[in-house]
Structures are given as structure tokens and as C-alpha cells.
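There's a structure below that I have some questions on.
Atom set for the values below is all heavy atoms of this structure, side chains included, hydrogens, waters and symmetry mates excluded. By convention here, the first residue in the shown sequence is residue 1.
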Amino acid sequence: MANTQLPAHRLPVIWMGVDTETFCPDADREYGPQKLRVVTIARLNAAKGHTLALAAMRRALDQGLEITYLIAGEGPNRDVIEREIQRLKLKHQVTLTGSISEEQVLALLRTSDCFILPSIGPGEAAPVSVMEAMACGLAVICSIIGGTTDMIEDGVDGLLIEKGDVDGLTKAVTCLAEDMDKRKK
């Protein structure tokens, strides 16, 4: 039987990252006093923490902030998320899009102000969705999970929160809703 392993000098190089020629800020983007447009792009799985983000949205709205929240993705937790939207009376502020194409992801990132990924489960090494959002110039709020502390310096490249911390998530959303300069930075 022939040896099918490649010698080390012939192993393929695999890079994980983002095409920054495609995923980049919109040069014509304008920031104004409009509602904070928040987005999450992730499969609808309990480990992604969607219900935590919904709780934070409710709290921020109860403080009088104007926020819309769009969740793109599909998965086994959709019914749970839909029930939570109803329970928290968020049907006018939250939209579920289902699965979307890469072109739609790009358009969504370019028209949003803030990206949230409040993951609570294992399996997040270096979330590509966070990289794409950062490449598009969005303010990012992300759980401290996997390699996110290598990607984000808290308060510089984004805002980091502890896993499961709805208070911290609410504080981060509120900060970005109230401080346009921080959002732009």
C-alpha cells in the first residue's frame, strides 16, 4: 500500500479569515441619530445566546432607547426564539430573516450599527461572523469565549462580556445606543 501522506513541505496551508476586499466598511455610510440597528448572524442554536440578546434588547428599550434588532440564520432553536420575542413583546423591534446569502450578509452588515454574538456554549474558536462584522466596521459586542479575547481588545476593537451576562450585554448595547462616537470608533 502506498504512503498517501504528503511530506511537511507539501502540506496545504489553510487560512481562516475574511476577504477584506469584500467585507469592508461602506465608504458612503452615514451615522445619524437614528435608532441603533443591531444584528446577529448565527445559526439559531441555544449556544449562540440569542435569548440573552433579546433580554438585553427588552431592558434597553425599557430605558427609552430606540433599537431595532435583526437576527439572520436558521436552526433548531427558532421556535424558542420566536416565543421569547412574543413573551418580551419585541415583535415590532425584532426581525428574524431565516437563512440569507453571502451577498445579503454583506448588505446587512453594511446597513447595521452593531453586531452581537452573546454565545454561551462551547465551540467558538474564532467566530467568522465576528471577523466579518469587524471588517465591515461595525461595533461588536461579543462573549468572552474561545478566541474572542485574541480578536477583540475590550473597549478598543469591540466590547466583551462574560458568558450569560445579560446586565453586561444591556450595558454594552446601551453604551453604543447612547454614544455615537463610540459606535463609530
Test item: E74 and R43 side chains (from C-beta on) under 4.5 Å apart, heavy atoms: no

Considering all heavy atoms, the nearest P118-L169 contact: CB-CD2, 4.0 Å

Heavy-atom side-chain contact between Q93 and T68 under 4.5 Å: no

Heavy atoms of other groups near E102 CD, more than 12 under 6.0 Å: no

R37 side chain vs T111 backbone, donor-acceptor pair below 3.5 Å: yes

Gap between atom CZ of R110 and atom CG of L138 - 0.5 Å precision: 11.0 Å

Nearest heavy-atom neighbours spanning D113 and K35: OD2-O, 3.5 Å

Pairwise distance CG(L160) to CE(M151) - rounded to 0.5 angstrom: 9.5 Å

Y69 reachable from L88 in the ILVMFWY side-chain graph, under 4.5 Å edges: yes

Non-hydrogen side-chain atoms of I67 and V38 separated by less than 4.5 Å: yes

Flag side-chain contact, heavy atom, 4.5 Å: T170 against Q63: yes

L108-V94 co-clustered via ILVMFWY side chain contacts under 4.5 Å: no

From CD (E82) to CG (L96), nearest 0.5 Å: 6.0 Å

Transitive ILVMFWY side-chain link I116 to L61, under 4.5 Å: yes

Check: R59 and D167 side chains under 4.5 Å, non-hydrogen atoms: yes

Any donor-acceptor N/O pair, D165 side chain to G168 backbone, under 3.5 Å: yes

Test item: R58 side-chain N/O and K89 main-chain N/O as donor-acceptor pair under 3.5 Å: yes

Side-chain donor or acceptor of Q104 paired with backbone N/O of S101 under 3.5 Å: yes

V140 vs D157 side-chain heavy atoms within contact, under 4.5 Å: no

Over all atoms of both residues, closest heavy-atom pair of L52 and G164: CD1-CA, 3.7 Å

Separation of I145 CD1 from E162 CD (nearest 0.5 Å): 11.0 Å

CG-NZ distance between L176 and K182, expressed to the nearest 0.5 angstrom: 7.5 Å

Shared hydrophobic cluster for L159 and L117 (ILVMFWY, side-chain gaps under 4.5 Å): no

Test item: V39 and C114 side chains (from C-beta on) under 4.5 Å apart, heavy atoms: no

Closest non-hydrogen atom pair between E178 and L65, with its separation: CG-CD2, 3.7 Å

Inter-residue atom distance R83.CZ - N77.CG, 0.5 Å rounding: 8.5 Å

Sidechain-backbone polar pair: D179 side chain, C175 backbone, donor-acceptor under 3.5 Å: no

Shortest non-hydrogen separation from K163 to S143 and the atoms involved: CG-CB, 4.3 Å

Minimum heavy-atom distance L109-F115, with the two atoms named: CD2-CD1, 4.1 Å

Non-hydrogen side-chain atoms of P127 and T148 separated by less than 4.5 Å: yes

Side chain to side chain contact (heavy atoms under 4.5 Å, CB included) between L106 and C136, intermediate numbers included: CA-CA 8 Å; L106 181 59; C136 286; 3.9 Å; yes

Worked check of side chain to side chain contact (heavy atoms under 4.5 Å, CB included) between L90 and E84: CA-CA 8 Å; L90 292 171; E84 194 67 1; over 6 Å; no

Common cluster, V166/I71, ILVMFWY with side-chain heavy-atom separation under 4.5 Å: yes

